[in-house]
2 protein chains.
Amino acid sequence: MGDLTPEPGTPEPGDQPGDHSVDHSGDQPERPPSRRERARAATIEEIKQTALGLMREHGTTDFRFSDIARLMGMTAPALYRYFADRDELLTALIVDAYDDLGRAVADARDQVPLDDPGGRFTAVAHSYRRWAREEPERFALILGLPVPGYHAPEEGPTTEAARRAMAQLKSLFYEASQAGVLRPPMLSDDGTIAGLLAEHHAGKMESPIDGPPVPPETFQAMLHCWASMHGFTSLDAYGHLDWMPDVLRDAVFESSIRMVAKVAGLPEPRPRDG
Amino acid sequence: MGDLTPEPGTPEPGDQPGDHSVDHSGDQPERPPSRRERARAATIEEIKQTALGLMREHGTTDFRFSDIARLMGMTAPALYRYFADRDELLTALIVDAYDDLGRAVADARDQVPLDDPGGRFTAVAHSYRRWAREEPERFALILGLPVPGYHAPEEGPTTEAARRAMAQLKSLFYEASQAGVLRPPMLSDDGTIAGLLAEHHAGKMESPIDGPPVPPETFQAMLHCWASMHGFTSLDAYGHLDWMPDVLRDAVFESSIRMVAKVAGLPEPRPRDG
DNA sequence: TAGAACTGTTATGCTTCATAACAAACACGA
DNA sequence: TCGTGTTTGTTATGAAGCATAACAGTTCTA
């Protein structure tokens, strides 16, 4: 992740006083943040949290600047000191959501030992679904149709964030592949996929999935896993399976996931306590 | 589909002249539609098509009344003669989308003989994906997060439309199940799913899926198929797989679908010309 | 052909996004 | 401590959208 920030705290010559640009870099500056800098960061965080609260309240990916301001006890124009416009706030929320989902998935995965890739995938799938069910609006924000009126910055931070998040799933398969514990997936390929992926790894195709390459059949298996768990998850998160009782949904998801893992060549998950 | 309309052309006593209620029933009235009735139907259709055009143009599920009116050479308030508000128009679009998707899926399915359920499912999956790729906004409209600000009518026509659409997938499995050509699915179940589905068929659970009941394991298999094809499809339709060349996406989808069908107990699709 | 019904218009009010102009609080060096 | 420039808030203002009201022309029908 690129540490390319010019020098925190050293404003560019062209910076106007009320400039909208926000420093989202997470690396610590040499000088401790000033009182004002901390206040600013806290306000930015509060704006984002308030926006998320509104999204959750209304069950959409939409929000009104005026509502955010009202809930924060401010007037709407004050928010423009922190975000240039709605799009900039949305971009920040999207990046956060990708990072948060990626972290949730990575945490769940890493609580299962490396030598149990079946269990690691099951953990990933469950955390993916749990995250989406808890935060359907943020899930829609990153993996649904773009929000009305939103125009993503070109080649921007959202793409990078997506790359990072998806890398968490890939690394699972990469490690399993490296460890040699993957059986050949049951998925068919007449050679098309392998051939195209060869080009991909030769750099002709720009994959948003970070990290070292995996064998074609592993890549195919990974996509199969992602698509399956994503399908159930998004139907579930958006309420299209609400006619099933929770226990039934859980059971169907569990059985589907285990089957998908088996098809993908992942070994049976080792029984775990908990 | 309920033919419960009071009597077309016979306005209720309470009907104000400018009443917004729209007759969406498709059954032919005894008296042929008058010049005005045809004009009205045509205008309603044009409004919906214009709204869809705007959604496609902007790549969202949103639209502006004023834009629709402008494109139609009208003023915005005129639209309220046809739809009470944005929600009513959205409801009509959602119902249309469900019906259209259901029809596309049914058409594709019925072009494959009844005794080739594997081929029928493959056809369904491909048409599902094709429809979603051609109409990502309508796909999001019905299977994504609700549109900002939209409040669906309670127990309303959208639920009914969803039921009808999903019944198309179910009937495939029902027919295969009846014909006895389904092998036992490879999906696991410790009894939870079968037990809960027994309650379901006893009427304790209200499934949105129309038609006669299918055996528990078939139901589970159907959901597995739906979730998998939906996952790939929605990732694809929303552009999250755009980094893959088309041929690769097609190949991966094809192999995933065939695998899912096999897991679900559907026989290998019979080779077809075309 | 006269009245009712229908379909369009302009005028209006409310709300939102966004900018401009201005005022208070703060940081910090002389 | 004071004074100056920065930061962060305010009110005022404008453009655009949803929705309703009041009104006018057109079409149907008795």
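Just so we're on the same page: letters track the sequence lines, and every chain starts at 1.
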- In whole Å, what is the span from the CG atom of B/Leu79 to the C1' atom of C/dC6? 16 Å
- Message: Could you tell me how far apart B/Arg81 (CZ) and C/dC6 (C1') are, to the nearest whole angstrom?
- Response: 8 Å
- Message: Please tell me if A/Tyr80 has a side-chain N or O lying less than 4.0 Å from either OP1 or OP2 of D/dG9.
- Response: no
- Whole-Å distance separating the CZ atom of A/Arg86 from the C1' atom of C/dT15: 14 Å
- Message: At less than 4.0 Å, is any side-chain N or O atom of A/Thr75 found next to OP1 or OP2 of D/dT10? Yes or no.
- Response: yes
- Message: Using a heavy-atom cut-off of 4.0 Å across all strands, would you classify B/Ser66 as base, sugar-phosphate, or nothing?
- Response: sugar-phosphate
- Message: Measure CG/B/Leu54 against P/D/dC18 and give the value in whole Å, please.
- Response: 11 Å
- Task: Cation-pi check, A/Arg86 to A/Phe63: give yes when NZ or CZ is under 6.0 Å from the six-membered ring centre and within 45° of the ring axis, no otherwise.
- Result: yes
- Query: Under the 3.5 angstrom rule, does the side chain of A/Ser228 hit a backbone N or O of A/Cys225 as a donor-acceptor pair?
  - Reply: no
- Query: Atom CG of B/Asp85 to atom C1' of C/dT15: distance rounded to whole Å?
  - Reply: 16 Å
- Item | Aromatic ring proximity A/Tyr80/A/Phe65, centre distance under 6.0 Å | yes
- How many Å lie between CZ on A/Arg38 and P on D/dT7, as a whole number? 17 Å
- Item | 5′-ward residue of the pair A/Pro77/A/Asp67 relative to DNA chain C | A/Asp67
- Which nucleotide, C/dA18, D/dG9, D/dA19, lies nearest any side-chain atom of A/Met74? D/dG9
- Message: Quick check: do A/Pro157 and A/Thr91 have side-chain heavy atoms less than 4.5 Å from each other?
- Response: yes
- Message: Are A/Thr61 and A/Tyr150 packed together at the side-chain level, in the sense that at least one heavy-atom pair is separated by less than 4.5 angstrom?
- Response: no
- With no angle test and no hydrogens, is the base of D/dG17 tied to the side chain of B/Arg64 by a donor-acceptor pair under 3.5 Å? no
- Message: Could you check whether the side chain of A/Arg36 and the base of C/dC26 have a donor-acceptor pair of N or O atoms closer than 3.5 Å, going by distance alone?
- Response: yes
- Distance, rounded to the nearest Å, where A/Leu89 contributes CG and C/dA18 contributes P: 11 Å
- Query: A/Glu46 CD to D/dG9 C1': how many Å, rounded?
  - Reply: 14 Å
